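Labels below follow one simple rule: chain letters A, B, ... track the order of the sequence lines, proteins then strands, and each chain is numbered from 1. These numbers were taken from a predicted model, which means no experiment stands behind them.
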2 protein chains.
Amino acid sequence: MAKDLKSKETKSEALDPLDAFLCFAVYSTGHAFNRFYKPRLDALGLTYPQYLVMVLLSAEDDQTVGDICEKLFLESNTLTPLIKRLEASGYVTRRRDAEDERIVRVSLTAQGKRIAKKAACVPAQTLEALDLPAGDLAELRRVLITVREKLQAADRS
Amino acid sequence: MAKDLKSKETKSEALDPLDAFLCFAVYSTGHAFNRFYKPRLDALGLTYPQYLVMVLLSAEDDQTVGDICEKLFLESNTLTPLIKRLEASGYVTRRRDAEDERIVRVSLTAQGKRIAKKAACVPAQTLEALDLPAGDLAELRRVLITVREKLQAADRS
DNA sequence: AGCGATTAAATCGTGCACGATATAAATAGG
DNA sequence: CCTATTTATATCGTGCACGATTTAATCGCT
């Protein structure tokens, strides 16, 4: 009872002990985003991480697997099979760089570009559904990125 | 080049187009938390979601699978095997309710209680590593939970 | 030139997350 | 009662995430 800063025990059972944890707020909100996006992305034949790759390639085509890894903070062991599935769907092509055969370059197909264009409107739908001041959301985003950077820095040390 | 509100192009390559997305900030920060927690939880023989279950059971022992599902916003198809792995680790027991044989009740073992106690200090270490004002983090948590609730509400409609 | 170190992707095994479905127990209605 | 429905949990298949390892190409050094 000592460090109970927020006397939010209006309900008998108090609230989830987990809601006291920032990590759980992030974790559970991530799942909520995923569930919100899922039906919209299903319609385009994409999963959420696949959608992120499509967004990256829309911004800059013909990126290497390593580029994509770095931007998504994921490893090749996650992205290689994911990108192969995008290739199997006909949304991207993969080819070895002629200069350096170690490197694989990923490009959007014509179909991939169409899908990416359709996918581009999903975030706007989300913001609308959230119905929160744009400034609050921008601030939330900013603080989250700060937290991410601090965690990454702590992780490397 | 038109809609570039934030002239953050100090670097040649501009920044991730993804950092403009709240969903990606949440997604990537979730991974960063996971990576930060991992070595600390590995030492206790727990994964992150397993850790969450241990926290829940520490707060209130002998909960049903359904209780845990509801609090973590996860389904039984995720939690049943996870809890079985906790059982295999010797941290919890599972038994059918005598009154209603459909229900499975989960309790911490003595060893499980010891592990949960050790795990309890991990969030504090995290906050320390974050080195951000406690008020900012509380606000972040609050806004995230609001966003989660809005997404869940939009999902049900 | 030659060869050890580094680098880029890929492979493998484990656990999480979820849609779809199954099983079995409890409840409801006729 | 006895069958239909509902409820609680579990099973199955797919894709993501990651640690550990592998493969193959390039680099660095003498």
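Neither OP1 nor OP2 of C:dA8 sits under 4.0 Å from any side-chain N or O of A:Thr64.
Heavy atoms of B:Leu79 sit nowhere under 4.0 angstrom from any nucleic acid atom. Using a 4.0 Å heavy-atom distance criterion, A:Thr78 is classed as a base contact. Residue-level contact check: A:Arg105 touches neither bases nor backbone, having no heavy atom under 4.0 Å from any strand. B:Glu70 comes within 4.0 angstrom of nothing in the nucleic acid, heavy atoms only.
Atom NZ of B:Lys84 is separated from atom P of C:dT14 by 18 Å (rounded to the nearest Å). We find that CG of B:Leu74 is positioned 14 Å from P of D:dT9, with the value rounded to whole Å. Distance A:Ile68 CD1 to C:dA10 P: 10 Å, rounded to the nearest Å. One atom, OH of A:Tyr48, and another, C1' of C:dA17, lie 15 Å apart when rounded to the nearest Å. Between the NZ atom of A:Lys38 and the C1' atom of C:dG19 there is a distance of 7 Å, rounded to whole Å. Regarding B:Arg96, its CZ atom lies at a distance of 17 Å from the P atom of D:dT7, rounded to whole Å. In this structure, the CG atom of A:Leu86 is 16 Å from the C1' atom of C:dA9, given to the nearest Å. Atom NE2 of B:His31 is separated from atom P of D:dG19 by 11 Å (rounded to the nearest Å).
A side-chain N or O of A:Ser28 and one of B:Arg148 form a donor-acceptor pair less than 3.5 Å apart.
Under the 4.0 Å criterion applied to side-chain N and carboxylate O atoms, A:Glu139 and A:Arg142 are assigned as salt-bridge partners.
Listed candidates were D:dT9, D:dC18, D:dA25. Nearest to the side chain of A:Arg102 is D:dA25. Candidate nucleotides D:dA10, D:dA25, D:dT9 were compared by shortest atom distance to the side chain of A:Glu101, and D:dA25 ranks first. Considering only side-chain atoms of A:Asn77, the nucleotide from C:dC12, C:dG19, D:dA10 that sits closest is C:dC12.
When the nearest nucleotides of DNA chain D are assigned to A:Ala98 and A:Gln50 by heavy-atom distance, the more 5′-ward of the two goes with A:Gln50. Residue-to-nucleotide proximity on DNA chain C shows that, of A:Asp100 and A:Tyr27, the 5′-proximal contact is made by A:Asp100.
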- Task: Please test B:Arg141 against B:Asp136 for salt bridge (Lys or Arg N to Asp or Glu O under 4.0 Å), starting from the C-alpha separation and ending with a verdict.
- Result: CA-CA 9 Å; B:Arg141 188 162 48 72; B:Asp136 287 14; over 6 Å; no
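One donor-acceptor pair, N or O on each side, does fall under 3.5 Å between the base of D:dA10 and the side chain of B:Ser76.
Atom CD of A:Gln125 sits in a crowded spot, with more than 12 heavy atoms from other residues, nucleotides or ligands closer than 6.0 Å.
Of the options B:Tyr27, B:Tyr37, B:Tyr48, a ring-ring contact (aromatic ring centres under 6.0 Å, His included) to A:Tyr27 is made by B:Tyr48 and by none of the others.
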